[in-house]
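Written out below as structure tokens is the structure these notes cover.
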Amino acid sequence: MVSISTQAKVGLFVLAALILLAYMSFRVGQYGFGLKNGYLISAEFENATGLERDASVRIAGVEVGRVENITLTDGKARVSMRILPSVKLADDVKVMVRAYGILGDKFIEIIPGTKGRPTLEEGGEITRVEKQIDIDQLVRNLTNIADDVLAVTASLRKVLGGEEGAANLEGILTNTRELTANLNRVVKENDEDLKTMMTHLAQASKDLEKTFIALRQISEEINRGEGTMGQLVKKREIYDNLNETLASLREITDKINAGKGTIGRLINDEKTVDALDTSLASLDKSMEGLNKYLLKTEEFRTFLSYRGEYLFDSQNSKGYFEVKIRPKEDKFYIVGLVADPRGKRSISERTVDGVTSHIEEWDKNKLLFNAEIGKRFRNLVLRGGLLESTGGIGLDYFALNDNLRLSFEAFDFDPDRRPHLKVFADYELLKHVSMTAGYDNFISDEGNESPFVGVSIFFEDDDFKYLIGNTPIPK
Amino acid sequence: MKRALLFFDNLGSSVMRTVEEAGSVLLMFIDVLKWMVKPPLKLDLIIKQMEFVGVKSLFVVVLTGTFTGMVMALQGYYGFRMFNAESMVGSTVALGITRELGPVLTAIMVTARAGSAMAAELGTMRVTEQIDAYYVMSANPVKYLIVPRIVAAVLMLPLLTIVADFVGILGGYFVGVPILHINAGAFMKNIVTIVSLDDIYNGLIKSAFFGLILSVAGCYKGFTMTGGAEGVGKATTEAVVLASVSILVCDYFLTAIMF
């Protein structure tokens, strides 16, 4: 056995200990080595509370330097930072003081600037300093928000609290359940028809677009006074004639509405629906050809929505089921069913012994229809068509990233009474759920005005497709 | 009356004894400093003491260091678990070991092993008149007996502390990561970010002071002992107690100055 001398033992021990020291120093001080050659930059902060020397400087969470010094200049905290020489900062970087979590230590975050800009050199200064949100401020803001929320909930409690409110809510829920069940049935029964109808509508919209272009050309021509139409528009007598024509047209439509004449009967007759059904079916077939011709169905999107509204004054609820077809970003069609608890109104006129009497009837089992066409101009949407089975127009204004919709609707222009006006705001609470509140029929002279609240559930394109995709569609 | 006077008598004499002792320690220390710089330096004697103080204490230091680190990890874990901050165990162990426990425990262990041996050796030499023999040979016993011990202790204590630091953190790691299932990356990251070089170096500076304290106490008690074989035992005990207490008291003041 080789005996180890005392000197060797001591030497070995010293060496081993020094190696360990070097290792630990390297691990712990690892960072300090590269940083020594780093360059100094500085920034002025309004408030550097919690920031200490040697706090880290990070870009995207990666440490690129340390705080070297913090001094007070002109009532602001001037923080100088030593940055790794390998890290180049553009001169438009932004800095902010941040914390690891709510209670964590503070560090400086650098948000990278534009590539290609001149870089900061030794002694450079970052001028774009983002304001730091401190916890106090946050808490103050939150308190304000909480107060607001409290006020809202308090008023909500006034509306919904108590036995009456609970009963009302229960009523809404029961109604909604019934309605959804009905809707479910309707959708199931008409599933196939709806699908084909929508496809065809999409095709039709394509055609409509072309028509619109043509129409615009024509209208331009008219404006210029070219062609027959142009001449017509320019002449006064023709204008008068047109006015008369419109007046007589008005008479005719009134008659139709009242169920007079062939067309009137046609519209108000049950048979018409059947006839329409069959004609729609044949329309389906004829459109099949078009379908193949214009096979770009993917572009358009469809939305399915159901909205339940509770009218406070009449203590009734109303349900809307709508299919919105949006072939283009700024254009859409809405086809929908409306379940009004009052039902569908029909007026019949009877003449007995020379005395004409109007009889107004409400058929509670009948659904009302919505069929609208709409166009969007930036945040404003203009739509018109059939609203609750009567002619009408609507105006929507979108705000808050389209989450909030302010709407105005006017329909049921009956000469005997004031039109049905409705304003409401719709706010998208969740991805598929939104809340509605508004005032219905507010200029009514029949005492139908009522504030209302409602909830709607809507599905977008993909969801809808997924739902339909579960049921096989025969080709 | 007489009793009261006796009390003051006792008090006064014990104070005087303490001050006298402190004075003679200081005188001896000055003597050591003088002989330390006076050539020739007895390198072989120093190395022999370094082996005794350093190399031979290694095992006991490694053992204490490891188990201290392990128990710190275990205790720290129970505390930090309440805040879901288990990964902080690593930095706590590392910080505690490098700043405090490494230097102090090493110094206490070396006191127990080498400090006591110094007192016993020198005491025995005093009893057997070997120290007087140095004077007879006109050789200074301080230079031959005390200087090498003190130099060796001052040099070896920091080195032992390094080892204690390392094995302590290692012990903490082995309890923390494989046994308590703390995330290894977070464990190490916290050590690296929270422990700074200053923590380690200040610990080492402290341990050098501790080396000085324990060797001076051991040498002084042994060198100045009286009273035969019984006195040797008494000197040894006193050396260990004096050194241990002084180390802990000085530790506070050194920490207060350095951190």
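In what follows, chains carry the letters A, B, and so on, assigned in the order in which the sequence lines appear, proteins first and then strands, with residues in each chain numbered from 1.
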Among residues 142-156 of chain A, residues within the sub-4.5 Å heavy-atom range of chain B, in order of number, are none
Contact listing (chain A partner; residues 89-113 of chain B; heavy atom under 4.5 Å) = none
Judged by modelled atom types alone, do A:Asp92 and A:Thr114 share a side-chain donor-acceptor pair under 3.5 Å?
-> yes
Measure the shortest side-chain to side-chain distance between B:Phe209 and B:Asp251 over non-hydrogen atoms and say whether it is less than 4.5 angstrom.
-> no
Distance-only polar pair, side chains of A:Ser434 and A:Ser456, donor-acceptor under 3.5 Å | yes
Side chain, backbone, both or neither: which part of B:Leu58 has a heavy atom under 4.5 Å from chain A?
-> side chain
Engaged part of B:Tyr201 at the chain A interface, taking heavy atoms whose separation is under 4.5 Å | side chain
Main-chain N/O of A:Asn403 paired with A:Asn401 side-chain donor or acceptor, under 3.5 Å = no
Do the side chain of B:Lys38 and the main chain of B:Lys143 share a donor and acceptor less than 3.5 angstrom apart?
-> no
B:Leu157 versus B:Ser207, closest heavy-atom pair with distance | CB-O, 3.3 Å
Side chain, backbone, both or neither: which part of B:Ile47 has an atom under 4.5 Å from a heavy atom of chain A?
-> both
How about B:Phe83 and B:Met88: do any of their side-chain heavy atoms sit closer than 4.5 Å?
-> no
For each of A:Leu18, A:Val14, A:Leu21, tally heavy-atom pairs with chain B at distances under 4.5 Å, and name the one with the top tally.
-> A:Leu21
Thinking salt bridges, do A:Arg78 and A:Glu125 make one under a 4.0 Å N-O criterion?
-> yes
Partner of B:Ser57 by side-chain contact (heavy atoms from CB on, under 4.5 Å), out of B:Val62, B:Val163, B:Leu160 | B:Leu160
Give, as side chain, backbone, both or neither, the part of B:Leu155 having an atom under 4.5 angstrom from any heavy atom of chain A.
-> neither
Between CD on residue A:Glu122 and CD1 on residue A:Ile83, distance to nearest 0.5 Å | 11.0 Å
Do any N or O atoms from the side chain of A:Arg117 and from the backbone of A:Ala90 form a donor-acceptor pair under 3.5 angstrom?
-> no
Does any donor atom in the side chain of A:Thr49 or A:Asn47 lie under 3.5 Å from an acceptor atom in the other side chain?
-> yes
